[in-house]
Asker: 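Below is one structure. I have some questions about it.
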Amino acid sequence: MSELENIARDIVRHEEKRQAEKIKLESEIKSLEEVLEHGISTGFVEEEVIYVYSPKTAHEMREKLEENYKQLNAQLTIPKSIADELEEEIEEAYSNDYIRSYSDVGAYMEVITDGLDEDSELYKFMFPDNDALLGCSHRNIIYLYLVDNDLVKVVEG
């Protein structure tokens, strides 16, 4: 297993944990909405003790949970122009038999980076001047996009 595949698996595991935390926060927000509406929630029953929260406390807790939810709900994005250029590179690599449908993502990345023109938008996205960390981050986003494009949202730009 290549290093890139290990990185992708780690990122996918992290995303799965993030989604589980998101579901938990959604449940907690729903319970707090009950508190705001009725002053009590069955979601806060533990060991036969019922916790009653004031609307003010529940409101503050809800705000904090919503902020955490927003942070967890943040999604990786890639500009549409970059995604389009990436798709073109992949199509060209398929048509020239450089990669096949069973090729791993590492092979895709190798073919893509080997064939890029340094003046292309995709190259500049993957290897920005004077910012190696940003370039690494962008390449990881592309890697995830190639693994499963549901992990990366394509946005205008």
Side-chain angles (χ1 to χ4, degrees), residues 1-37 41 43-44 58-157:
M1 190 175 322
S2 75
E3 184 179 341
L4 287 175
E5 288 171 323
N6 287 334
I7 291 170
R9 281 202 173 92
D10 288 342
I11 293 171
V12 168
R13 274 191 227 116
H14 176 72
E15 180 64 22
E16 288 170 350
K17 287 179 186 176
R18 207 170 70 97
Q19 290 299 324
E21 184 67 24
K22 177 181 165 186
I23 291 168
K24 180 181 171 191
L25 284 171
E26 287 171 342
S27 173
E28 290 176 6
I29 289 171
K30 184 176 179 181
S31 294
L32 285 171
E33 286 172 345
E34 281 183 46
V35 171
L36 287 171
E37 187 174 335
S41 172
F44 292 100
H59 184 70
E60 290 168 355
M61 290 174 66
R62 181 177 182 205
E63 285 178 351
K64 184 170 176 59
L65 285 171
E66 284 178 345
E67 182 61 34
N68 289 342
Y69 177 80
K70 286 177 187 174
Q71 289 175 357
L72 283 171
N73 203 28
Q75 186 172 13
L76 297 171
T77 61
I78 187 171
K80 183 174 181 357
S81 60
I82 299 299
D84 291 344
E85 191 172 341
L86 188 58
E87 295 295 333
E88 288 173 16
E89 290 289 333
I90 291 170
E91 285 299 319
E92 184 178 330
Y94 269 126
S95 66
N96 292 324
D97 287 332
Y98 295 134
I99 54 174
R100 307 231 187 310
S101 59
Y102 53 82
S103 296
D104 67 12
V105 177
Y108 279 67
M109 288 296 284
E110 185 177 332
V111 166
I112 290 165
T113 55
D114 286 349
L116 277 182
D117 176 16
E118 290 184 16
D119 293 329
S120 72
E121 274 189 67
L122 181 56
Y123 183 89
K124 291 175 183 174
F125 182 78
M126 293 175 71
F127 305 100
D129 291 334
N130 303 321
D131 200 340
L133 184 60
L134 180 63
C136 183
S137 177
H138 285 172
R139 290 189 300 278
N140 285 331
I141 290 171
I142 288 172
Y143 192 87
L144 285 174
Y145 180 77
L146 293 172
V147 169
D148 181 355
N149 59 10
D150 288 337
L151 296 174
V152 180
K153 182 178 180 181
V154 177
V155 296
E156 289 301 317

Asker: Compare every heavy atom of P128 with every heavy atom of G135, then report the nearest pair and how far apart it is.
Answerer: CA-CD, 3.3 Å
Asker: Which pair of heavy atoms, one from I141 and one from T77, lies closest together, and at what distance?
Answerer: CG2-O, 3.8 Å
Asker: Taking the side chain as everything from C-beta on, heavy atoms only, tell me whether E87 gets closer than 4.5 Å to Y145.
Answerer: yes
Asker: Could you tell me the separation between the CG atom of L86 and the CD atom of E121, rounded to the nearest 0.5 Å?
Answerer: 12.5 Å
Asker: Search all heavy atoms of R139 against all heavy atoms of A132 and return the closest pair with its distance.
Answerer: NH2-O, 4.5 Å
Asker: Distance check, rounded to the nearest 0.5 Å: C136 atom SG versus D131 atom CG?
Answerer: 10.5 Å
Asker: Of all heavy-atom pairs between I112 and L116, which one has the smallest distance, and what is that distance?
Answerer: O-CG, 3.1 Å
Asker: Starting at CD of Q19, measure out to NE2 of H14 and round the result to the nearest 0.5 Å.
Answerer: 10.0 Å
Asker: Can you find a pair of side-chain heavy atoms, one from V111 and one from N96, that are under 4.5 Å apart?
Answerer: no
Asker: To the closest 0.5 Å, what do you measure between CG (L122) and CZ (F127)?
Answerer: 8.5 Å
Asker: Working note: E15 + R18, criterion salt bridge (charged side-chain N to carboxylate O under 4.0 Å, His left out); need CA distance, chi angles, decisive distance, verdict.
Answerer: CA-CA 5 Å; E15 180 64 22; R18 207 170 70 97; 3.1 Å; yes
Asker: Taking only Lys NZ, Arg NE, NH1 and NH2, and the carboxylate oxygens of Asp or Glu, determine whether R13 and E16 approach each other closer than 4.0 Å.
Answerer: no
Asker: May I ask you to test the I11-Y143 pair for a side-chain heavy-atom distance under 4.5 Å?
Answerer: no
Asker: Any non-hydrogen side-chain atom of K24 less than 4.5 Å from a side-chain atom of E21?
Answerer: yes
Asker: Just verifying a value: how many Å separate L76 CG and S137 OG, rounded to the nearest 0.5 Å?
Answerer: 7.5 Å
Asker: Would you give the length of the straight line joining atom CG of D119 to atom NZ of K124, rounded to the nearest 0.5 angstrom?
Answerer: 5.5 Å
Asker: Side chains of Y108 and Y98 only: does a donor on one sit below 3.5 Å from an acceptor on the other?
Answerer: no
Asker: In a check of side-chain contact (heavy atoms from CB on, under 4.5 Å) between I142 and each of L146, N140, L144, which one passes?
Answerer: L146
Asker: Which heavy atom in V154 sits nearest to a heavy atom in K80, and how many Å separate them?
Answerer: CG1-CA, 3.5 Å
